[in-house]
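Everything on this sheet refers to the single structure shown next.
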Amino acid sequence: MPELPEVETVANGVDARVRGQRIERVTLGSKPEPLKSPAHVIEETLTGARITRVHRVGKTVVIDVQRRDGAAAQATVHLGMTGRLLVSQAEVPMPPHTHAVLHLHDGREVRFVDPRRFGRVGVVESSEQYAGPGKEPTTIAPEEFAKLFRGRKTPIKSALLNQSLLHGVGNIYADESLFRAGIRPKRHAGRLTRAELHKLHGALQTVLQHAIELGGSSVSDYVDADGVRGFFQLEHRVYSRTGQPCRECGEPIQRIVIGGRSTHFCKKCQK
DNA sequence: AGGTTGACCTGGACGC
DNA sequence: TGCGTCCAGGTCAACC
């Protein structure tokens, strides 16, 4: 489900609700558990810890905590395709596919719900901050952005999705930024001109910023920590618009598959 | 090493 | 109504 803007919306929503709360207890359910760290390590790291901040790194929600002994640690929650992080009163019935629950001091619960089980929960025990696999797309400078793609033979669409280059860009925002930059998704990343890379850098940052402001894209069931849907899907120019007229030129939007991912573009507006 | 493909899961939409 | 098929916002491991 969630790409950078959706994860950022979720993280900000959870932060506003639970910052400062103490975690009384951790419940991990339903085997096999979608865990990145062993269950006992997650429980030992988080039980009794205070939440100091919730934020986003790439597509991962990071929960900073201070443990009882004062040491810093972090919980990492990757939402996969269908993961949700909900803050609920304990009385609210537990949704199906709830895999992890942080029981807070004030009686509320942070619940990780994920039907498809592609998400993962882990912890970073040391004080070293989780940095994510790649560069941050919202702040990367144009020259550094361009350098990422130098010499790469893979389609630019695939390169944008490669989390070890840029982290946080997923299928929607890759297609949307390529449309706005006027670049065909099949173009080899290493063959783009300086001008094209510059335009793509700008388009990507503009699209991500705009999507964050609108609370992300709600396709099917994505909702934020309050159960509120985002609105960026109304701004989609190509994603999931196969056969519909291009909003710029009227040409029907094409759907092809690149690297196993469905890809949408306008063959007249993108060269 | 870089690049590509299929596997991992559940559920919703659609066609017959 | 029900069954089968296809599709889905993401990674990974395994291959070339």
Side-chain angles (χ1 to χ4, degrees), chain A residues 1-11 29-37 56-61 76-85 95-99 112-122 130 132-134 137 147-179 185-191 204 207-208 210-212 214-224 229-243 253 255-264:
Chain A
M1 159 198 10
E3 306 181 33
L4 186 154
E6 293 76 36
V7 177
E8 181 142 330
T9 301
V10 168
S30 58
K31 300 232 187 286
E33 294 155 336
L35 305 181
K36 256 187 125 149
S37 312
R56 171 194 67 77
V57 175
K59 293 177 192 169
T60 299
V61 178
T76 59
V77 182
H78 195 294
L79 300 174
M81 293 274 266
T82 53
R84 297 165 63 175
L85 261 190
H97 309 293
T98 302
H99 306 303
F112 172 58
V113 180
D114 182 19
R116 253 173 110 179
R117 294 174 161 271
F118 287 173
R120 288 290 178 269
V121 177
Y130 174 75
K147 201 158 76 181
L148 293 175
F149 305 108
R150 207 168 284 166
R152 300 207 165 255
K153 292 192 170 159
T154 195
I156 184 62
K157 164 69 185 267
S158 300
L160 285 171
L161 294 179
N162 183 341
Q163 301 294 295
S164 63
L165 298 178
L166 289 171
H167 58 207
V169 181
N171 212 26
I172 295 175
Y173 300 101
D175 283 4
E176 291 297 321
S177 59
L178 285 168
F179 173 81
K186 262 195 181 158
R187 295 273 305 282
H188 285 195
R191 297 254 180 85
L204 178 60
V207 160
L208 292 174
H210 190 193
I212 290 168
L214 294 184
S217 299
S218 288
V219 180
S220 79
D221 62 353
Y222 161 75
V223 290
D224 72 10
R229 295 167 60 84
F231 289 97
F232 190 76
Q233 69 280 7
L234 302 173
E235 304 292 318
H236 291 177
R237 300 279 200 278
V238 287
Y239 182 78
S240 198
R241 295 196 64 243
T242 311
I253 298 301
R255 177 190 181 275
I256 58 176
V257 175
I258 298 176
R261 311 299 305 278
S262 82
T263 299
H264 313 78

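Just so we're clear, the structure is a prediction, and the values are computed from it rather than from any experiment. These values consider heavy atoms only, across backbone and side chains, with no hydrogens, waters or symmetry-generated copies. In what follows, chains are A, B, ... by sequence order, proteins preceding strands, each numbered from 1.
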Atom-to-atom span, [atom1] of [X] to [atom2] of [N] - whole angstrom:
{"X": "A:Leu35", "N": "B:dC8", "atom1": "CG", "atom2": "P", "value": "19 Å"}
{"X": "A:Leu160", "N": "B:dG3", "atom1": "CG", "atom2": "P", "value": "13 Å"}
{"X": "A:Arg150", "N": "B:dG2", "atom1": "CZ", "atom2": "P", "value": "15 Å"}
{"X": "A:Arg187", "N": "B:dG3", "atom1": "CZ", "atom2": "P", "value": "16 Å"}
{"X": "A:Asp114", "N": "C:dG10", "atom1": "CG", "atom2": "P", "value": "13 Å"}
{"X": "A:Tyr173", "N": "C:dG10", "atom1": "OH", "atom2": "P", "value": "10 Å"}
{"X": "A:Met81", "N": "C:dC12", "atom1": "CE", "atom2": "P", "value": "14 Å"}

(Q) Within the 4.0 Å heavy-atom criterion, would you say A:Arg152 contacts the bases, only the backbone, or no part of the nucleic acid? (A)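 A:Arg152: backbone/sugar contact only, no base atoms under 4.0 Å.
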
Q) Across the strands shown, which category fits A:Tyr239 at heavy-atom distances under 4.0 angstrom: base, sugar-phosphate, nothing? A)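 Since only primed, P, OP1 and OP2 atoms lie under 4.0 Å of A:Tyr239, the category is sugar-phosphate.
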
**Q.** Check: A:Glu176 side chain, A:Arg237 main-chain N or O, donor-acceptor pair, under 3.5 Å
**A.**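 Confirmed, A:Glu176 side chain pairs with A:Arg237 backbone.
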
Q) Checking A:His188 side chain against A:Gly190 main chain: does a donor-acceptor pair fall under 3.5 Å? A)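 No, A:His188 side chain to A:Gly190 backbone: no donor-acceptor pair under 3.5 Å.
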
Q.
In whole Å, measure the gap between the P atoms of B:dG6 and C:dC6 for me.
A.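 Going atom to atom, P in each nucleotide, I get 14 Å.
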
For [X] and [Y], work out which heavy atoms get closest and say how close.
{"X": "A:Leu204", "Y": "A:Tyr173", "answer": "CD1-O, 4.3 Å"}
{"X": "A:Arg117", "Y": "A:Pro34", "answer": "NH1-CD, 4.3 Å"}
{"X": "A:Ser262", "Y": "A:Asn171", "answer": "O-ND2, 2.9 Å"}

Any N/O pairs under 3.5 Å between the protein and nucleotides 4-7 of chain B? List them or say none.
| from | atom 1 | to | atom 2 | distance (Å) |
| --- | --- | --- | --- | --- |
| B:dT4 | OP2 | A:Thr154 | OG1 | 2.7 |

With 3.5 Å as the limit, what N/O pairs link the protein to nucleotides 11-15 of chain B?
| from | atom 1 | to | atom 2 | distance (Å) |
| --- | --- | --- | --- | --- |
| B:dG11 | OP1 | A:His97 | NE2 | 2.7 |

Q | For DNA chain C, stems built from three or more consecutive Watson-Crick or G-U wobble pairs below 3.5 Å | A |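 Detected stem regions: B:2-8 with C:10-16, B:10-16 with C:2-8.
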
At under 4.0 Å, does any side-chain N or O of [X] touch on OP1 or OP2 of [N]?
{"X": "A:Arg255", "N": "C:dA8", "value": "yes"}
{"X": "A:Arg261", "N": "C:dG10", "value": "yes"}
{"X": "A:Ser262", "N": "C:dA8", "value": "yes"}

So, taking the atom named [atom1] in [X] and the one named [atom2] in [Y], what distance separates them when rounded to the nearest 0.5 Å?
{"X": "A:Arg241", "Y": "A:Gln233", "atom1": "CZ", "atom2": "CD", "answer": "13.0 Å"}
{"X": "A:Ser158", "Y": "A:Leu165", "atom1": "OG", "atom2": "CG", "answer": "11.0 Å"}
{"X": "A:Leu160", "Y": "A:Phe149", "atom1": "CG", "atom2": "CZ", "answer": "5.0 Å"}

Q. When you check the side-chain N and O atoms of A:Asp114 and A:His97, is any donor under 3.5 Å from an acceptor?
A.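 Looking only at side-chain atoms, A:His97 and A:Asp114 do not form any donor-acceptor pair under 3.5 Å.
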
Q) Going by atom types only, do A:His236 and A:Ser217 share a side-chain donor-acceptor pair under 3.5 Å? A)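 Distance-only check passes for A:His236 and A:Ser217.
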
Q | Residues in side-chain hydrogen bond (donor to acceptor under 3.5 Å, both in side chains) contact with A:Arg120, at least two apart in sequence or another chain | A |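 With sequence neighbours excluded, A:Arg120 shows a side-chain hydrogen bond (donor to acceptor under 3.5 Å, both in side chains) to no residue whatsoever.
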
Q. Taking it one step at a time, do A:Thr60 and A:Leu79 satisfy side-chain contact (heavy atoms from CB on, under 4.5 Å)?
A. CA-CA 7 Å; A:Thr60 299; A:Leu79 300 174; over 6 Å; no

Q: Kindly write out the residues that satisfy side chain to side chain contact (heavy atoms under 4.5 Å, CB included) with A:Pro95, not counting sequence neighbours, or none if the list is empty.
A: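 A:Pro95 satisfies side chain to side chain contact (heavy atoms under 4.5 Å, CB included) with A:Leu86, A:Thr98, A:Arg111, A:Val113 only.
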
Q. Hey, is A:Phe118 doing a stacking thing with B:dC8, by the 5.5 Å centroid and 30° angle criteria?
A.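 A:Phe118 vs B:dC8: stacking yes.
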
**Q.** Within residues 161-171 of chain A: residues closer than 4.0 Å to DNA chain C (heavy atoms)
**A.**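 Residues of residues 161-171 of chain A that come under 4.0 Å of DNA chain C are, in numerical order, A:Gln163, A:Gly170, A:Asn171.
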
**Q.** Donor-acceptor pair (no angle test) under 3.5 Å: A:Arg116 side chain, B:dC9 base
**A.**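 Answer yes: a donor N or O sits under 3.5 Å from an acceptor.
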
Q: Please examine the side chains of A:Asp175 and A:Lys157, heavy atoms only from C-beta on, and report whether any two atoms are closer than 4.5 Å.
A: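 They are in contact (side-chain heavy atoms under 4.5 Å apart), so the answer is yes.
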
Q) Can we call the ring centroids of A:Phe232 and A:Tyr239 under 6.0 Å apart? A)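 No - the distance between ring centres of A:Phe232 and A:Tyr239 does not fall below the 6.0 Å cut-off.
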
